Student: 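Here it is, the structure in full.
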Amino acid sequence: MTAPALETLLKRSDFLACARGKRQGTKGMMVQALNRGEGEAIRVGFTCSRKVGNAVARNRAKRRLREVARLVLPHHGRPGWDYVLIGSRDNTAERDFAALQDDLRQALRKLHG
RNA sequence: ACGGAGGGCCGGAUGGCCGCGGGGUUUCGGCCCCGAGGAAAGUCCGGACUCCACAGGGCAAUGGUGCCGGGUAACGCCCGGCGGGGGCGACCCCAGGGACAGCGCCACAGAGAACAGACCGCCUCCGGUCUUCGGGGGUAAGGGUGAAACGGUGCGGUAAGAGCGCACCGGGGGACGGGCAACCGGACCCGCAUGGCAAGCCCCACCAGGAGCAAUGCCGAAUAGGAACCUCGCGCGGGGCCGGUCGGCUUCUUCUUCGGGAGAGCCGAUACCGCCGCAGGGCCGCCCUGGCCCGGAGGUUCGGGUUGGCAGCUUGAGACGUCGGGCAACCGCGCGUCCAGAGGAAUGGUCAUCGAACCGGCACCCGGAGACGGGCCGGGGAACAGAAUCCGGCUUACAGGCUCUCCGUGCGU
RNA sequence: GCGGGUAUGGUGUAAUGGUAGCGCCCUAGCCUUCCAAGCUAGUCGUGUGGGUUCGAUUCCCACUACCCGCU
């Protein structure tokens, strides 16, 4: 099978819609998911509040989340779903990268099942 | 060697794999090039740029700056000086104009806190008295208070005293000399009360239109060409006339019970008008000369639409190196090299090798009496921080490292 | 991007440049069989760093944190 294309969420309304869906927290991040029920694409958004830290810390956290999503979602995400990854206060920037990937996989398993 | 002062620079490196933003190219598979900082930060100043406003003169208000000279597009920045203060010194700090233009304040303490004056004292005279007290006069040396007390020390002088006289110090004025200037030196003269605070009001000199790239321009989409209420205003004249209303005329058409009715036309009036003028109102800080705008204005509330694209957008008062000028800030010229441009926002993730700080160890080596330091071994794994229109500064944050110059003390030569 | 404001015990707030007050809270005591209320006493302080001044919560400068407004 060919992995479905990843699209990035940009609009505020998409983020708000996803926030009303399911959510699952892990040590490294918070994941929100919503089954749109239409389309084939996996869409994903990233966000970090000011609680994460200054601009350097926020951007670094978002970059690591992007990389994790790029590696994990094509294989474990479901087409037609929206996911929002939220950086956490202490862990996203410092956590071991392999553990961060496991966090996302585990969160997806709980959200889907 | 130890301690200290002032600058300058760097602030992780290399490679593999997988990615991101922009540009170019393409045989659409890909390939090539470029891609954060010294503070990109705070937004404290100064500009460029864009839009809006903008007539002249005088006056005022508000804000800012404040020794002198220079640098600069400009600055509240920088450089070089001057003055004051601190340090043995290298060097550091200073909003550093004006206190006889005026007003104000100076708590507590103290007799007295700003036209000087006299609490305790000191001296003298008079009266009572003989422990001393009261009154008049002279005096400002001493006392104590305070952040600050109307020059200081010494000698002379005197009833006691006092710049009363003298010497030195301090202060004021100052011919003249030096310096572009701030300022410095200063013959000579003056016995010399004439505080402090202007980062209190203020005075003087100088500077300043407002807003900001979410500026601004173009294209596209969509909806609307709004509603309600409140406040103030609600005059005159001219002009216009589609349609309306009223009155008149009777040229035409038509109906007629021959009185007239209806329609069209013409004339006049009226409301009306997003026409004009005046009055009026408003604006240009104020005034004068003058100008502009409105003709309904202003305000509040409600309702509706859009949150797309392109330009601005990065090559510029550019940076670095070299050469020349200048004590320096900086400037000039030629040559060479370099140049992020996103738009919920790229410049990363991961692995390997190397690696500073830091932590631990003392088997071994070196120095040392020792503590310990260096070598060595193991761990560890890089500060502050991310461009958002662009520049010049300032300020603040920053693990640590490298380097230059200078000062003090000690030792050696 | 532009602009404004605030910071005073744990909390809410006062203070012409001259000893930082007040209420609530807290602690202790009194009162009460106990609690509450009341009474008495006490602890706790000007965001940070400089400067002006004899003297700063106050004036000036820089910084920090928080809040608000406009576009």
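Lettering of chains follows the sequences in order, A, B, ..., and the numbering in each one begins at 1. Every value quoted in this text rests on a predicted model; they were computed, and no experiment measured them.
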Student: Just label B:A147 as syn or anti from its O4'-C1'-N9-C4 or O4'-C1'-N1-C2 angle, using within 90° of 0 for syn.
Tutor: anti

Student: Kindly label the base of B:G38 as syn or anti, based on whether its glycosidic torsion lies within 90° of 0.
Tutor: syn

Student: Tabulate atom names and distances for all N/O pairs under 3.5 angstrom spanning the protein and nucleotides 17-19 of chain B.
Tutor:
from: B:C18; atom 1: O2'; to: A:R70; atom 2: NH1; distance (Å): 3.1
from: B:C18; atom 1: O2'; to: A:R70; atom 2: NH2; distance (Å): 2.9

Student: Side chains of A:W81 and A:L34: closer than 4.5 Å at any heavy-atom pair?
Tutor: no

Student: Report the distance from atom CG of A:L104 to atom CG of A:L65, rounding to the nearest 0.5 Å.
Tutor: 9.0 Å

Student: Determine the interatomic distance between P on B:A208 and the same-named atom on B:A114; round to the nearest Å.
Tutor: 44 Å

Student: Is any side-chain heavy atom of A:R78 closer than 4.5 Å to one of A:H112?
Tutor: yes

Student: Working note: A:E67 + A:R70, criterion salt bridge (charged side-chain N to carboxylate O under 4.0 Å, His left out); need CA distance, chi angles, decisive distance, verdict.
Tutor: CA-CA 5 Å; A:E67 188 69 14; A:R70 194 177 66 84; 2.7 Å; yes

Student: Taking the side chain as every heavy atom from C-beta outward, state whether A:L108 and A:R105 have any pair of such atoms under 4.5 Å apart.
Tutor: no

Student: If we take the P atom in both B:A317 and B:C391, what is their distance in whole Å?
Tutor: 10 Å

Student: Roughly how many Å apart are B:G66 and B:G83, using the C1' atom of each and rounding to a whole number?
Tutor: 16 Å

Student: Could you tell me how far B:C54 sits from B:C284 if I compare only their C1' atoms? Round to whole Å.
Tutor: 10 Å

Student: So if I apply the side-chain contact (heavy atoms from CB on, under 4.5 Å) rule between A:V44 and each of A:L73, A:V31, A:V84, which one comes out positive?
Tutor: A:L73

Student: With rounding to whole Å, what would you report as the distance between B:A328 and B:G80 at their C1' atoms?
Tutor: 6 Å

Student: Look at the side-chain N and O atoms of A:R66 and state whether any lies under 4.0 Å from the OP1 or OP2 oxygen of B:G21.
Tutor: no

Student: With both distances under 3.5 angstrom, what nucleotide forms a Watson-Crick or G-U wobble pair with C:U13?
Tutor: C:G21

Student: Figure out the CZ/P separation between A:R63 and B:G386, and round it to whole Å.
Tutor: 12 Å

Student: Roughly how far apart, to the nearest Å, are B:A221 and B:U307 at atom P?
Tutor: 12 Å

Student: Between C:G23 and C:A62, how far apart are the C1' atoms? Round to whole Å, please.
Tutor: 36 Å

Student: Supply the atom-to-atom distance A:Q101 CD to A:Q106 CD, rounded to the nearest 0.5 angstrom.
Tutor: 13.5 Å

Student: What interatomic distance, in whole Å, is found between C1' of B:G408 and the corresponding atom of B:G87?
Tutor: 12 Å

Student: Using a cutoff of under 3.5 Å, can you pull out all pairs of nitrogen or oxygen atoms linking the protein to nucleotides 380-384 of chain B, with atom names and distances?
Tutor:
none

Student: Pick one for B:G46: is it syn, with its angle within 90° of 0, or anti?
Tutor: anti

Student: Under the rule syn = chi within 90° of 0, otherwise anti, which is B:G29?
Tutor: syn

